[in-house]
**Q** 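Okay, handing you the structure first.
Computed over heavy atoms, backbone and side chain alike; hydrogens, waters and symmetry mates excluded. Treat the numbers as computed from the prediction; the structure is a model and nothing was measured. Reminder, nothing fancy here: chain letters follow the sequence lines and each chain counts from 1.
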Amino acid sequence: MEDTETFTLLPLHMDPASKAIASSNNSRALQEELKILNTLHRSLLSLESPVPPPPIPVNPKRSANITKLRESGNNEFRKGKHADAIKFYALGLQMALTRPPWEPSGLVRDEVAGLYANRAQAHMAMSSWVEGSIDAEASVEAKKVGNAKAWWRKGKCLMEMGRLDEARDWVGRGLEMEGNEADLVGLGKEIEKKTTKA
Amino acid sequence: MFSVNWWGLILPFAYLVVLVGSFITFSSMYRKRIAAKSANLAPWFPPHLQRNVYLSLLHLDPSEGKEKSPAVPESVLRAALLRRAVEDIRRIIEIRSAKQACSTLLQRGSIGDDLWQRFLRAEKEMEEELRDVVMEANALVPDWGQTIFQSANEIAAGTAFKTRLDEIQAQAKSEKEWWEKRRASIRSDFMKELDAPASSVGKTSDDDAVLVESASSTASIRKNKGKK
């Protein structure tokens, strides 16, 4: 960083109508930064207060919507309509990920973890192992501990695709995180059995 | 009574004067050189782009006054300040995580003194930067200084998390291609085995049937208890 008393003057100008900031400088970092700035500015304008409110308390409306979408996804899943369930989960995910950025990220992680895990399950029920494994991995990324179901699902998908080595590594990592979760241990044994047979 | 022979003492006094004088000169020059060196050390962080944007926006209106461009609205300034705070959060996290490692390495002698100097300077600069942001925030909106870094913290954490998710979802395409190829090859192998004499076919297909069944039965168990 430069001296605290000085700064580099950037060639910026503002569009008077849209209030969007642009620059004649073509450096990519600057252009990207301005794009983010303009998006942030627009989302600030939609607020009632002049500045983003503190992260807590959260506006409960969106959380309720997300929960509702997840519930309807679960219902469809129970009826066996897996494709519809996936659609509901995807909507819920979209809603959770488009939360205003200043809302608590821990909350986003929690919601996203559940939705991805459920979508992985729906994909698995349709035998689309690739999507299932990716969604399960995303769920684990959102919530590493206390998410044994997602660890199990990705391991299962890898096993179904015949990637036994990866599956074994994955389940091993899962066991480190989750302790001796019975399902994971069972899956690990199943994978071992297949490896010795192959 | 004994008298002091002043002339005889000139030599020792001159010796002392030269000694002290050279010592003072040496120490002052040495210090100056060290200070110059640490002032010329490369900064720890790259230029603070968000800070430059914010300050440039602050100074925008007087320079373009003749074009009658309207003053930058405060909402833009607030957004720019928030961006600056987010970048600060990222840097603070970097400094905090580097501090422990840096001091350990310094004690073991694995890194030089100037790296440590650079680090300390970055730390001090960040403190001033934070104070500056809080002051600016309070100037824009009363009491915003108390919450701006909370919001910035959530923004920084959320953005990092979303990039990670995007990376994972971006694998989908290549994984899918791989799986299609793989499945096609499995299928063609299977068809070949079907064409082969019946004795070998019986064994493999039996195996596969068992496999599928066990997979679907575990999946249905999951269905029942896997819900939250």
**Q** Flag the one option from B:E74, B:E87, B:Q171 with the top tally of heavy-atom pairs under 4.5 Å to chain A.
**A**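 Option with the top pair count is B:Q171.
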
**Q** Taking side chain as everything from C-beta outward and backbone as N, CA, C, O, which of these in B:V141 sits under 4.5 Å from a heavy atom of chain A? Side chain, backbone, both or neither.
**A**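 Just the side chain, heavy atoms under 4.5 Å.
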
**Q** Tell me, side chain or backbone of A:I21 under 4.5 Å from chain B's heavy atoms, or both, or neither?
**A**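 When you check distances to chain B, only side chain atoms of A:I21 fall under 4.5 Å.
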
**Q** Which atoms of A:A142 are under 4.5 Å from chain B, going by heavy atoms: the side chain, the backbone, both sets, or neither?
**A**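 When you check distances to chain B, atoms from both the backbone and side chain of A:A142 fall under 4.5 Å.
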
**Q** Among A:N38, A:L45, A:L40, which has the most heavy-atom pairs under 4.5 Å with chain B?
**A**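 Of the options given, most contacts go to A:L40.
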
**Q** Between B:Q169, B:K162, B:R182, which shows the greatest number of heavy-atom pairs under 4.5 Å with chain A?
**A**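 Top count of heavy-atom pairs under 4.5 Å with chain A: B:Q169.
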
**Q** Against chain A, label B:S151 side chain, backbone, both or neither, depending on which of its atoms sit under 4.5 Å from a heavy atom there.
**A**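 Backbone plus side chain of B:S151, per the 4.5 Å heavy-atom cut-off to chain A.
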
**Q** Mind running side chain to side chain contact (heavy atoms under 4.5 Å, CB included) on A:L37 and B:L82 for me, showing each step along the way?
**A** CA-CA 9 Å; A:L37 172 65; B:L82 195 56; over 6 Å; no

**Q** Can you tell me if B:E154 uses its side chain to pair, donor with acceptor, with the backbone of A:S105 under 3.5 Å?
**A**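 The answer is yes, because a donor-acceptor pair under 3.5 Å joins these two groups.
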
**Q** Please tell me if the side chains of A:Y116 and B:L165 come closer than 4.5 Å, counting only heavy atoms from C-beta onward.
**A**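 A side-chain contact exists here, since the closest heavy-atom pair is under 4.5 Å.
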
**Q** For chain B, which of A:G106, A:S128, A:A117, A:P101 has the most heavy-atom pairs under 4.5 Å?
**A**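 Greatest number of close heavy-atom pairs with chain B: A:P101.
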
**Q** So do the side chains of A:W102 and B:Q150 get within less than 4.5 Å of each other, counting heavy atoms only?
**A**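 Not in contact.
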
**Q** Counting only non-hydrogen atoms closer than 4.5 Å, does A:E131 touch chain B with its backbone (N, CA, C, O), its side chain (CB onward), both, or neither?
**A**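 Just its side chain gets close to chain B.
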
**Q** Quick one: CG on B:L77 to NE2 on A:H41, what's the gap to the nearest 0.5 Å?
**A**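 One gets 9.0 Å once the value is rounded to the nearest 0.5 Å.
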
**Q** Taking the side chain as C-beta and beyond, is there a heavy-atom pair between B:S75 and A:L44 under 4.5 Å?
**A**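 No. Closest side-chain heavy atoms not under 4.5 Å.
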
**Q** Would you check if B:W179 and A:R163 make a side-chain contact, meaning some heavy-atom pair closer than 4.5 Å?
**A**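 Not in contact.
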
**Q** What's the separation between atom CD in A:E137 and atom CD1 in B:I168, rounded to the nearest 0.5 Å?
**A**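 Between atom CD of A:E137 and atom CD1 of B:I168 there are 4.5 Å.
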
